[in-house]
Peer 1: 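So that we are looking at the same thing, I have put the structure below in structure tokens.
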Amino acid sequence: MDQFWAAPTVTRTLTALTFLQSVLVHGGILSGYYVLFLRHLVFKSIPDLWRLFSPFMITGPGLSLIIDLYFMFTYGSRLETVSPRFSPPGDFFTYLIFVAFTITVTAGCLLNSVTFTSALILAFVYTYSQDNRGKKASFFIVEIPVEFLPWAMLTLTLVISGWPTALSDGMGIVAAHLYDFLTRIYPTFGGGKNYLVTPAFVRRFFAAHTPRRDARAFGTAFYATNQAQNSSGGWTSSFQSPWNRRGPGRRLGGG
């Protein structure tokens, strides 16, 4: 539990909601019908808006519950905390929203898929593999180049579940690659501009609720989000001159 609460905010919340919803569905407490992406129920006069989110938080039954949660938590945490592209506050959340939107359009609207959890996990794995090119990764008992990891997972899905499922899950790779192209490849090598920037209000929210981390040789140091405010006299201190922070002036000899 200590490791879970020490995990980054977005990944921790996503994993917890996925665990809760999956347990409710597979335990027979909640009907799986209410968590699926069904276009005719989303695009109607009074839409079931929760179906835009619930398909990303449902795993398979049995052992799939453990495996899916493990991959989601592991690679989501690594991206949110270690990846240099998500170091500014709120950037990983923006990435998550963009990838989820792309998966919904491609896998949901074009391929008629009803669940997107595996596609989202593959998006995490693909982005992680691009950030760690040249390294090795464990795929069960085999060591492979990390660049091949998402494709190995997709091949396993193809063997076990067939090409329709593999095609749907592959939209996670498409979504992650599209994000990589728009934010890194095109601006860096094509001379274009990155339009997928995190909104200012999202940055402010995550900056206020995410403790600052400093990686050190002996561990990670965490700093409270209001440290600067407490040490400088509150949020108005930046508008005060040095004289404003001195005590009330009194004339010599006065009372």
Side-chain angles (χ1 to χ4, degrees), residues 1-23 35 37 49-59 65-105 107-108 115-132 150 169 171-180 182-184 194 196-215 220-226:
M1 290 301 298
D2 291 339
Q3 184 178 3
F4 175 78
W5 287 112
T9 306
V10 176
T11 302
R12 182 181 67 210
T13 303
L14 177 63
T15 305
L17 291 176
T18 302
F19 171 77
L20 178 61
Q21 181 174 267
S22 299
V23 168
V35 304
F37 179 81
L49 293 179
W50 69 85
R51 295 182 187 271
L52 295 173
F53 309 98
S54 58
F56 293 95
M57 298 180 291
I58 179 69
T59 70
L65 173 65
I66 300 176
I67 295 176
D68 288 346
L69 289 175
Y70 170 79
F71 281 120
M72 176 182 288
F73 183 80
T74 299
Y75 290 99
S77 297
R78 291 176 182 177
L79 289 179
E80 193 172 355
T81 58
V82 180
S83 176
R85 73 172 74 197
F86 301 126
S87 54
D91 278 12
F92 181 74
F93 178 76
T94 302
Y95 160 83
L96 178 63
I97 296 299
F98 176 82
V99 166
F101 173 79
T102 306
I103 292 173
T104 301
V105 173
T115 60
F116 310 137
T117 306
S118 296
L120 181 62
I121 293 173
L122 265 181
F124 288 172
V125 175
Y126 179 83
T127 303
Y128 174 81
S129 70
Q130 297 304 301
D131 287 347
N132 294 272
D169 290 356
M171 294 302 104
I173 297 179
V174 171
H177 180 72
L178 180 60
Y179 180 88
D180 191 37
L182 294 176
T183 59
R184 183 182 66 87
N194 176 19
L196 288 177
V197 295
T198 302
F201 73 92
V202 175
R203 288 195 186 279
R204 288 194 297 268
F205 175 84
F206 281 93
H209 293 85
T210 303
R212 182 167 62 87
R213 305 167 181 232
D214 282 346
T220 302
F222 293 84
Y223 300 90
T225 56
N226 61 347

Peer 1: Using modelled atom types only, decide if a donor and an acceptor are shared between the side chain of Asn132 and the backbone of Tyr128 within a distance under 3.5 Å.
Peer 2: yes

Peer 1: Parallel, tilted or perpendicular, judged at 30° and 60°: which one describes the rings of Phe93 and Phe206?
Peer 2: tilted

Peer 1: If you measure from CG on Leu122 to CZ on Phe71, what distance do you get to the nearest 0.5 Å?
Peer 2: 9.5 Å

Peer 1: Identify whether the distance between the nearest side-chain nitrogen and carboxylate oxygen of Asp91 and Arg85 falls below 4.0 Å.
Peer 2: no

Peer 1: Evaluate side-chain contact (heavy atoms from CB on, under 4.5 Å) for Thr117 paired with Met57, printing each intermediate quantity in order.
Peer 2: CA-CA 6 Å; Thr117 306; Met57 298 180 291; 5.6 Å; no

Peer 1: What is the ring orientation for Tyr179 with Phe98, classed by angle as parallel under 30°, tilted 30 to 60°, or perpendicular over 60°?
Peer 2: tilted

Peer 1: Just how far is it from atom CD1 of Ile103 to atom CG of Leu178, taken to the nearest 0.5 Å?
Peer 2: 11.0 Å

Peer 1: I'd like to know whether Leu120 forms a side-chain contact (heavy atoms from CB on, under 4.5 Å) with Leu14, so could you lay out the CA-CA distance, the side-chain angles of the two residues, the decisive distance to 0.1 Å, and finally the verdict.
Peer 2: CA-CA 11 Å; Leu120 181 62; Leu14 177 63; 3.9 Å; yes

Peer 1: Could you check if a side-chain atom of Met171 sits within less than 4.5 angstrom of a side-chain atom of Thr102, using non-hydrogen atoms only?
Peer 2: no

Peer 1: Which heavy atom of Tyr95 sits nearest to which heavy atom of Ala123, and what is that distance?
Peer 2: OH-O, 3.1 Å

Peer 1: Does Ala7 offer a backbone N or O that forms a donor-acceptor pair with the side chain of Thr11 under 3.5 Å?
Peer 2: no

Peer 1: So which atom in Pro55 and which in Leu52 form the shortest heavy-atom distance, rounded to 0.1 Å?
Peer 2: CD-C, 4.1 Å

Peer 1: Does a side-chain heavy-atom distance below 4.5 Å link Ile58 with Thr18?
Peer 2: no

Peer 1: Under a 3.5 Å threshold, yes or no: a donor from one side chain and an acceptor from the other, between Asn194 and Thr183?
Peer 2: no

Peer 1: Could you give the distance from OG1 (Thr9) to CZ (Phe205), rounded to the nearest 0.5 Å?
Peer 2: 8.0 Å

Peer 1: Tell me, with the steps shown, if Tyr75 and Leu79 meet side-chain contact (heavy atoms from CB on, under 4.5 Å).
Peer 2: CA-CA 6 Å; Tyr75 290 99; Leu79 289 179; 5.5 Å; no

Peer 1: Which residues satisfy the side chain to side chain donor-acceptor pair (under 3.5 Å) test with Ser54, sequence neighbours excluded?
Peer 2: none

Peer 1: Taking the side chain as every heavy atom from C-beta outward, state whether Phe56 and Thr104 have any pair of such atoms under 4.5 Å apart.
Peer 2: yes

Peer 1: Could you give the distance from OG (Ser118) to CG (Asp169), rounded to the nearest 0.5 Å?
Peer 2: 4.5 Å

Peer 1: Checking Ser129 now: which residues fulfil side-chain contact (heavy atoms from CB on, under 4.5 Å) with it, not counting sequence neighbours?
Peer 2: Tyr126, Val146, Pro150

Peer 1: Quick one: CG on Leu182 to NE2 on His177, what's the gap to the nearest 0.5 Å?
Peer 2: 9.5 Å

Peer 1: Just verifying a value: how many Å separate Asp180 CG and Gln130 CD, rounded to the nearest 0.5 Å?
Peer 2: 5.5 Å

Peer 1: Donor-acceptor check, side chain of Thr198 to backbone of Pro89, threshold 3.5 angstrom: yes or no?
Peer 2: no

Peer 1: Taking salt bridge (charged side-chain N to carboxylate O under 4.0 Å, His left out) as the cut-off, I'd like each qualifying pair that reaches into residues 66-80, sequence neighbours left out, listed once.
Peer 2: none

Peer 1: If you look at every heavy atom in Thr59 and Ser22, which pair is closest and at what distance?
Peer 2: N-OG, 3.0 Å

Peer 1: Any side-chain heavy atom of Pro199 within less than 4.5 Å of one from Thr94?
Peer 2: yes

Peer 1: Say whether, by atom type as modelled, one donor and one acceptor occur between the side chain of Thr127 and the main chain of Phe124 under 3.5 angstrom.
Peer 2: no

